[in-house]
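Accompanying notes for the structure given below.
For ligands, and for the atoms within them, numbers begin at 1 and follow the listed sequence. Every heavy atom of this structure was used, including side-chain atoms; hydrogens, water molecules and symmetry mates were not.
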Amino acid sequence: MTEAVATANANVALAKYWGKRDESLNLPYTGSISITLAGLTTTARVRFGAARVIDRIIMSGREAEGLEAQRVSAFLDLVRQRAGEEPRAEVEVASNFPVAAGLASSASTFAALALAASRALGLSLSPLELSVLARRGSGSAARSIFGGYVEWQPGQASDGSDSYAVQLAPAQHWPLGIVAAITDPGRKRVGSREGMAQGLKRSPFFPAWLQSHDADLEAIRQAVLARDLATAGLVAESNCLKMHAVSLASSPPLLYWNPTTVAVIQRVHQLREEGTQAYFTIDAGPQVKIICPLAERDAVAAAIRRVPGVHDVLLSEPGDEARVVESE
Ligand code: PMV
């Protein structure tokens with residue numbers, strides 16, 4: 001029996017990944033830049049070699065079925081192929097934050113699984129190899145292998161071997177505060193996979209998204225390195241709105257927001273008018289993530305908590321890389 005337990009944090013992208021040039025390998029059209037989120041953590045325990053004929057997968061305390069189970073088993077197959085071994089596994093995955101609600105639980109899930117499964121089969125992969133592997137489970141998981149400020153380079157190779165993330169700067173480089181406003185604790189209706197496919201095939205705005213994305217990436221990369229919150233924040237807001245515009249303009253249209261999402265956006269703008277440096281971004285769901293100076297995080301969280309319709313706020317800051325916490 002070989003077993004390993006690994007943890008990985010969620011991440012939030014300031015310049016988004018939206019659109020796959022290869023759907024089966026999760027290869028993006030563009031680069032993306034994210035912050036790894038301290039305290040929004042997924043733990044994966046993987047045990048190989050049990051006398052089983054199929055994988056047993058427990059996600060958030062219940063047995064995974066159907067597509068969810070297939071997705072994890074297909075991911076484990078990649079690790080088994082690499083190790084040249086075929087044992088089935090028992091897998092337990094648990095996150096300490098709401099899953100599948102646009103808080104990047106797939107990113108932390110597949111980053112933690114990549115590390116736990118490879119270690120449990122005796123593989124010792126480099127961070128770049130882990131990033132390539134995690135990407136196969138969920139694109140944004142490529143970034144959750146690293147801590148701090150992370151850039152996923154899209155790569156050019158058709159096999160995806162050069163499509164991995166690298167660290168731009170460690171967490172201590174820039175102590176920002178992050179506030180996640182939960183406007184709907186339920187599961188999202190349209191996942192990022194379907195959302196991207198729809199935007200790519202059916203949105204007239206997709207070419208425009210691609211055209212302006214590299215300039216956003218460059219601006220955010222430089223702003224992160226220079227700790228320039230006004231630039232990083234404004235470009236991140238604009239990049240997020242363009243991503244959502246791609247979805248809004250697709251046919252049928254795809255709107256990830258609810259009225260509270262909009263109310264939080266407006267409150268963030270109001271906070272800025274009142275002199276607080278706060279900026280929003282939104283992924284493939286209705287939750288809003290706000291970045292601000294760490295010293296202002298509690299005040300921002302208090303203001304956002306008072307917006308009618310906000311269920312909860314989660315506090316975070318730049319966090320650490322994925323790590324093995326137990327192995328035998
Ligand atoms: O990793 P996926 O397939 O869940 O896609 C994530 C897409 C966004 O969260 C919307 C953007 C991003 O870069 O994280």
Side-chain angles (χ1 to χ4, degrees), residues 8-37 40 42 67-68 71-72 74-75 95 97-114 131-146 149-154 160 163-165 168 178 180 187-200 203 206 209-210 213 216-217 220-221 235-248 250 254-257 261 280-289 291:
N9 289 318
N11 69 74
V12 59
L14 302 178
K16 309 280 185 203
Y17 149 55
W18 198 247
K20 300 178 203 267
R21 68 173 203 272
D22 182 314
E23 287 208 30
S24 66
L25 294 176
N26 285 340
L27 294 179
Y29 274 99
T30 64
S32 51
I33 294 177
S34 59
I35 308 175
T36 299
L37 298 173
L40 271 65
T42 298
L67 283 179
E68 191 182 29
R71 191 172 169 193
V72 174
F75 184 74
S95 299
F97 60 96
V99 297
L103 280 181
S105 60
S106 66
S108 50
T109 293
F110 283 100
L113 271 175
S131 181
V132 168
L133 174 62
R135 190 203 76 224
R136 297 288 301 274
S138 174
S140 55
R143 299 186 308 239
S144 274
I145 293 295
F146 295 93
Y149 296 84
V150 182
E151 177 161 4
W152 174 12
Q153 302 169 342
S163 186
Y164 49 73
L168 273 182
I178 295 123
R187 289 180 91 80
K188 64 189 173 195
R189 283 184 294 273
V190 182
S192 46
R193 180 171 294 269
E194 302 90 291
M196 283 187 213
Q198 199 158 317
L200 181 59
S203 176
F206 191 69
W209 159 256
L210 290 183
H213 193 77
D216 289 356
L217 265 179
I220 289 175
R221 189 184 302 123
V235 179
E237 282 193 1
S238 158
N239 187 266
C240 154
L241 291 172
K242 283 186 276 187
M243 173 199 129
H244 286 272
V246 170
S247 300
L248 282 170
S250 73
L254 179 53
L255 173 60
Y256 281 110
W257 304 355
T261 312
F280 71 83
T281 187
I282 304 163
D283 290 315
Q287 331 301 1
V288 185
K289 290 110 183 178
I291 59 170

Which ligand 1 atoms does Ser106 reach within 4.0 Å, using its non-hydrogen atoms?
-> 4 (O)
Could you pull out the closest heavy-atom pair between Ala165 and Ala142, with the gap in Å?
-> CB-O, 3.3 Å
Element-labelled atoms of ligand 1 that are located less than 4.0 Å from some non-hydrogen atom of Ser192 | 2 (P), 3 (O), 4 (O), 5 (O)
Is there a heavy atom in Arg193 that sits closer than 4.0 Å to ligand 1?
-> no
Distance-only N or O hit between ligand 1 and Ser32, under 3.5 Å = no
Sub-4.5 Å side-chain heavy-atom contact between Trp18 and His213 = no
Without swapping roles, check the side chain of Arg143 against the backbone of Asn11 for a donor-acceptor pair under 3.5 Å.
-> no
Would you sort out whether Lys16 and Asp216 count as a salt bridge (Lys or Arg N to Asp or Glu O under 4.0 Å), showing the intermediate values?
-> CA-CA 10 Å; Lys16 309 280 185 203; Asp216 289 356; over 6 Å; no
Applying side-chain hydrogen bond (donor to acceptor under 3.5 Å, both in side chains) between Thr42 and each of Ser144, Ser106, Ser108, report the one that passes.
-> Ser108
From the options Ser140, Gly195, Ala15, Ala141, select the one whose nearest heavy atom is closest to atom 6 (C) of ligand 1.
-> Ser140
Under a heavy-atom criterion of less than 4.0 Å, does Ala107 contact ligand 1?
-> no
Would you kindly specify which portion of Arg143 sits under 4.0 Å from ligand 1, judged on non-hydrogen atoms: side chain, backbone, both or neither?
-> side chain
